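Encoded as structure tokens, the structure appears first; notes follow it.
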Protein chains: 2
Amino acid sequence: MWRAVSTLSDVSEFLADAGGKAVVKTARGGYDGKGVRVVTDADDVADWLADARDGGPRLMAEEAVEFDRELAIQVARRPSGEIRSWPVVESIQRDGICSEVIAPAPGFSPRAERDARRIAELIATKLDVTGVLAVEMFEAGERLLVNELAMRPHNSGHWTIDAAVTSQFEQHLRAVLDLPLGDTAATASVAVMANVLGGARTVLPEALADVVDGGAKVHLYGKDVRPGRKVGHVTVAGDDVETVYRRAVEAAAIVRDGPAARPQRREMR
Amino acid sequence: MWRAVSTLSDVSEFLADAGGKAVVKTARGGYDGKGVRVVTDADDVADWLADARDGGPRLMAEEAVEFDRELAIQVARRPSGEIRSWPVVESIQRDGICSEVIAPAPGFSPRAERDARRIAELIATKLDVTGVLAVEMFEAGERLLVNELAMRPHNSGHWTIDAAVTSQFEQHLRAVLDLPLGDTAATASVAVMANVLGGARTVLPEALADVVDGGAKVHLYGKDVRPGRKVGHVTVAGDDVETVYRRAVEAAAIVRDGPAARPQRREMR
């Protein structure tokens with residue numbers, strides 16, 4: 001359930017219909033947690049409603065959905081119709097920003113994998129997509145709920161650069177040029193991509209000297225460093241998911257904060 | 001055994017000392033079979049001797065060596081001394097030009113692998129190499145004979161782009177910047193690189209549409225196409241060496257001559 005909302009009473013009414021909790025989003029400029037708020041009271045978005053009246057982005061309210069984890073799948077389609085998907089990944093969000101991606105999604109059943117691929121490929125076909133499309137989903141018990149579409153190579157597919165036969169970027173070029181699509185198989189049992197958000201470091205290339213893990217593939221985007229901004233990522237591939245996860249997160253922490261940074265002992269889930 | 005030679009009698013004398021067979025090389029401009037001749041008579045290089053007298057490249061004669069196959073190993077070294085080698089590969093030459101590379105070299109024993117790595121790393125260390133060095137060797141029974149050194153990323157290491165954790169090009173940059181070197185492990189059981197020599201095609205990018213094998217990674221160098229010139233390569237990775245070899249050679253043939261080209265059913269050895 002979702003509705004456009006433009007007044008406090010619109011929001012209150014939606015909250016009443018949706019059980020007291022809603023996700024309000026701006027119709028433009030939403031990414032990395034920006035333009036998204038979970039609200040239980042219309043006053044929570046009073047500022048956005050005022051902005052919208054002043055010519056700012058219009059607003060929509062969505063029913064809040066309970067889910068177990070977030071998944072994503074990349075699919076590529078070329079004009080002549082050929083379509084290929086990469087394995088389904090788990091996307092771990094912190095403060096609304098993708099923090100890590102685990103490929104493939106741990107403990108995802110072959111049946112669920114088939115369902116997710118079917119959903120993603122159906123969307124790409126029905127929307128007549130050319131290129132790479134990222135389909136983000138919520139896993140809620142046995143249900144897969146499509147949460148967001150990104151019509152391009154996407155953060156949740158960066159692992160393919162280092163750990164798939166064909167990366168999402170090569171595939172996007174193949175697709176838009178209507179060339180045969182490349183093999184989307186993974187080249188490792190597991191790969192983990194950890195984003196590097198802007199932190200204490202200001203000269204990112206120096207960080208490369210401190211990442212001594214020879215299997216950590218560090219990608220820097222050449223962006224100005226601002227706190228919390230995605231400025232790079234690290235991918236590690238290997239056999240054991242816990243080990244690979246730890247190595248990726250530690251390398252990303254070193255790039256962000258230097259070798260003295262305490263490794264971020266995050267739980268995977 | 002080798003000597004500089006500048007006259008017909010120099011060459012005859014060398015042939016007598018070397019058992020009637022020698023390899024004569026020009027001291028400059030030698031690559032892909034150019035500037036190398038196997039000779040049994042001084043007259044075989046009469047033209048080169050005349051060139052040398054007219055200011056052309058000077059000549060050297062080397063003892064001809066019997067060998068079983070050609071191998072190569074890439075080694076990277078950074079100024080602070082860290083050194084890493086990739087697995088030893090087999091290099092298959094046709095008419096003096098590298099045709100295919102199989103990584104790792106089939107049937108190469110762990111002991112021979114250790115010997116080859118030790119030789120390559122010793123050379124890199126003694127020569128104080130910074131960057132990637134390719135060491136080409138002849139395998140002659142139990143002996144490994146160093147044949148040629150290339151002080152750079154090299155054709156025999158192109159397979160690392162698609163089938164090693166760290167490619168020779170990334171590693172070369174890491175080494176010259178004195179950054180920690182990357183993991184040199186292969187990401188597949190076997191990879192085969194097949195060179196694309198200039199052939200019937202004149203517009204290489206069109207060839208991409210004809211390579212329908214999604215696992216064939218096609219690399220085109222943007223060079224003018226001339227017969228026999230290396231203008232690109234194809235790498236295929238997988239589990240079975242015969243299958244991977246066939247796929248790589250077939251894809252390279254399609255890039256060279258188009259989809260109607262009869263697959264080149266070459267023997268691996």
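Everything numeric here is computed off the predicted structure, so don't read it as measured data. Protein chains get the first letters and strands the later ones, always in sequence-line order, with residue 1 at the start of each.
- Most heavy-atom pairs under 4.5 Å with chain A, from the set B:Gly182, B:Ala185, B:Ala237, B:Ala163: that is B:Gly182.
- The residue among B:Asp178, B:Asp183, B:Asp213, B:Leu181 with the most heavy atom pairs within less than 4.5 Å of chain A is B:Asp183.
- Heavy-atom distances place both the backbone and the side chain of B:Leu208 under 4.5 Å from chain A.
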Kindly list each side-chain donor-acceptor pair under 3.5 angstrom involving residues 215-224 of chain B, sequence neighbours excluded, with atom names and distances?
from	atom 1	to	atom 2	distance (Å)
B:Lys217	NZ	A:Val165	O	3.1
B:Lys217	NZ	A:Thr166	OG1	2.8
B:Lys217	NZ	A:Glu170	OE1	3.4
B:Lys217	NZ	A:Glu170	OE2	3.0
B:His219	NE2	B:Asp162	OD2	2.7
B:Tyr221	OH	B:His233	ND1	2.5
B:Lys223	NZ	B:Lys230	O	2.8

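- The shortest heavy-atom contact between A:Ala209 and B:Pro180 is O-CG, 3.5 Å.
- B:Ala188 does not touch chain A: none of its heavy atoms, backbone or side chain, sits under 4.5 Å away.
- Heavy-atom proximity under 4.5 angstrom to chain B picks out nothing from residues 112-132 of chain A.
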